[in-house]
Amino acid sequence: MGRKYADPPIVEAVCEFRLPVDSDWDLAIPGLVYEEIRDRFPRREQRTIQEVEIVGQKDGFRQEMRANERAVFLTEDKTKFIQVGRHLLAMNCLKPYPTWRQFEPVIRQGFEALRDVVKVTGLQRIGLRYINRVEIPHPLVDLEQYFSFRPYIGPELPEDFGNFLVGCIFVFAEGRDACRAQLRDAVPEDPDSSAFILDLDYYLARPQAVPTNEALSWVEDAHSHVEQVFEGCITDRLRQTFGEA
Amino acid sequence: MPSVMSRATDVDRRGEPATVLYYQEHEVDAGRATDWLALLAPSSAALGWAASETLAHPDALPLGFQESRPTYGSASLTPAVEALLSEVCARGIRIPRPAEVRGYLLRFPDIVGIVRAAAMAAWARLGTKAQLSLELYRDPEIAHEYLTLYARQQHYDDSILEMMDEVSADHEEALTGTAGWLLVTTDFGPPI
């Protein structure tokens with residue numbers, strides 16, 4: 001992201017478009033989208049997202065469970081896929097992340113396929129999320145050496161800590177957009193290493209504030225901002241571990 | 001069991017049902033989500049549902065109250081997988097080769113919630129009696145692989161088999177129709 005790295009830490013990139021819940025939708029839409037993209041995403045899967053809703057009533061709580069089906073259309077190697085669920089279109093790219101210049105056309109293709117089959121009158125949410133996984137070959141890591149965005153541990157606190165999570169929402173475009181940054185520890189591949197997840201989610205904070213025909217240029221701008229936040233979160237020492245492309 | 005997002009609905013000041021509670025960031029600590037659900041409705045914890053998806057509403061508070069808004073399931077896979085691995089390790093369950101387990105769960109994300117539920121059930125029943133280890137089993141005869149949660153003891157007794165059967169019975173029904181698979185078993189080897 002930003003600079004070109006030989007071994008970028010991105011383990012998943014996702015771009016999602018959510019339509020307003022009152023917009024037109026029917027069960028045929030995923031199939032119609034598939035017809036538009038099947039040349040690049042020939043494999044099909046169905047995934048179920050379970051929701052649990054706890055409904056509070058005067059006489060106590062009641063649980064409601066329901067399942068939302070998502071159609072998933074994948075490339076042959078399954079590292080890129082398009083999800084179509086009720087009022088949702090998402091384009092995912094797993095490791096190895098190619099480049100933005102290769103991921104952006106996937107986003108464009110998916111979004112245009114949706115617009116070809118359904119009248120998109122507005123966008124409740126647009127999101128561009130990059131999940132980075134960093135592994136450092138030391139069991140104990142001084143975070144300050146690798147991250148400019150990290151938890152601050154005051155001098156009165158114990159120096160050693162186990163799990164951690166730090167997060168912040170940065171505001172962009174005068175509050176129209178936001179970028180949620182989170183850094184947390186993760187399970188390393190090697191027991192003698194330390195691993196961290198740097199999760200950056202740039203999203204449209206004001207529902208429907210971007211016209212549909214400007215959505216793709218919004219995504220392009222979002223990518224620039226995510227790059228900026230990513231580079232701001234890490235130090236040169238960590239950059240060196242990614243290598244130059 | 002697939003991934004779960006939760007939304008809590010309460011009664012507003014006029015006595016009308018209204019959605020006022022959101023839980024965001026299940027993937028940070030899925031265990032906490034279950035605890036939170038248990039606070040609201042004690043029986044929900046017994047369901048063993050894994051709250052492993054982000055609601056990801058841009059305005060949702062990390063754990064708080066707000067006015068009625070739509071809730072969203074996460075479109076990304078990685079956070080739920082990472083949360084599962086972290087929680088499993090935090091319970092002392094071994095994952096000798098995390099990359100293999102990670103890769104499998106990303107290929108078959110429909111079992112993330114089931115693995116979590118089974119691992120937590122196994123930990124609750126066997127955690128003090130056996131070493132638990134989550135591994136990817138590759139069948140050497142055919143091109144087939146699946147996740148396996150091994151329970152290993154220094155000296156085996158019959159009770160461990162009964163307890164593994166109980167854990168298996170709890171999650172096997174949930175595996176019906178899933179693309180991924182999980183087996184809870186032992187290889188009768190010593191703890192590693």
Side-chain angles (χ1 to χ4, degrees), chain A residues 11-16 18 20-21 45 47-58 60-65 67-68 70 78 83 85 87-88 90-92 94 124-125 127 129 131 133 162-163 165 167 169 178 180 182 184-190 195 197 199 201 203-207, chain B residues 1-11 15 17-21 25 27-29 37 40-44 47 49-51 53-54 56-59 62 69-79 82 85-86 88-90 95-99 101-102 106-107 109-110 113 177-179:
Chain A
V11 289
E12 185 173 11
V14 189
C15 181
E16 67 170 38
R18 295 197 182 258
V21 289
E45 288 182 7
R47 289 181 190 159
T48 305
I49 305 297
Q50 297 285 355
E51 299 178 20
V52 180
E53 182 172 3
I54 300 169
V55 181
Q57 298 172 311
K58 288 175 182 172
F61 289 103
R62 175 169 53 85
Q63 293 174 119
E64 286 182 1
M65 290 181 219
N68 278 341
R70 277 188 201 163
K78 293 188 168 188
Q83 301 181 72
H87 300 125
L88 166 73
M91 279 64 65
N92 297 56
L94 299 175
Q124 188 75 8
R125 185 182 198 261
R129 185 174 184 178
I131 301 166
R133 191 170 180 287
N163 303 104
L165 165 70
I169 292 178
R180 188 193 60 181
Q182 286 188 336
R184 76 189 70 142
D185 64 301
V187 176
E189 304 284 348
D190 185 324
I197 297 286
D199 185 350
D201 188 10
Y203 56 85
L204 180 66
R206 284 192 199 134
Chain B
M1 205 175 306
S3 48
V4 170
M5 70 176 185
S6 66
R7 171 173 73 179
T9 307
D10 205 342
V11 180
T19 304
V20 294
L21 272 171
E25 294 314 313
E27 79 256 19
V28 171
D29 185 341
L37 290 169
L40 288 168
S43 60
S44 65
L47 295 171
W49 287 70
E53 285 276 354
T54 312
H57 190 281
D59 296 329
R69 296 269 181 90
T71 54
Y72 300 135
S74 174
S76 50
L77 305 182
T78 308
E82 291 296 332
L85 296 187
S86 293
V88 164
C89 284
I95 308 179
R97 288 175 293 279
V101 175
R102 246 187 207 105
L106 287 172
R107 285 199 306 275
D110 55 352
T178 59

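Chain A is the first sequence line, chain B the second, and so forth, proteins listed ahead of strands; every chain is numbered from 1. The structure displayed is predicted, hence computed values, not measured ones.
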Look at the side chain of A/Q83 and the backbone N and O of B/A75, then say whether any donor-acceptor pair between them is shorter than 3.5 Å. yes
Given side chains that start at C-beta, do those of B/S86 and A/N163 come closer than 4.5 Å, heavy atoms only? no
Can you say whether B/R97 sits under 4.5 Å from chain A via the side chain, the backbone, both, or neither, judging by heavy atoms? neither
Just how far is it from atom OG of B/S76 to atom CD of A/E12, taken to the nearest 0.5 Å? 5.0 Å
Contacts of A/R206 meeting salt bridge (charged side-chain N to carboxylate O under 4.0 Å, His left out) (sequence neighbours excluded), chain-then-number -> none
With a 4.5 angstrom heavy-atom cut-off, which part of A/A178 approaches chain B: side chain, backbone, both or neither? neither
Are the charged groups of A/R133 and B/E82 less than 4.0 angstrom apart, N to O? yes
If you tally heavy-atom pairs under 4.5 Å between each of A/V187, A/D185, A/D190, A/I131 and chain B, the highest tally belongs to A/V187
Flag side-chain contact, heavy atom, 4.5 Å: B/P109 against A/E45: no
Among A/H87, A/R47, A/M91, single out the residue with the greatest number of heavy-atom pairs under 4.5 Å to chain B. A/R47
May I ask you to test the B/L106-A/K78 pair for a side-chain heavy-atom distance under 4.5 Å? no
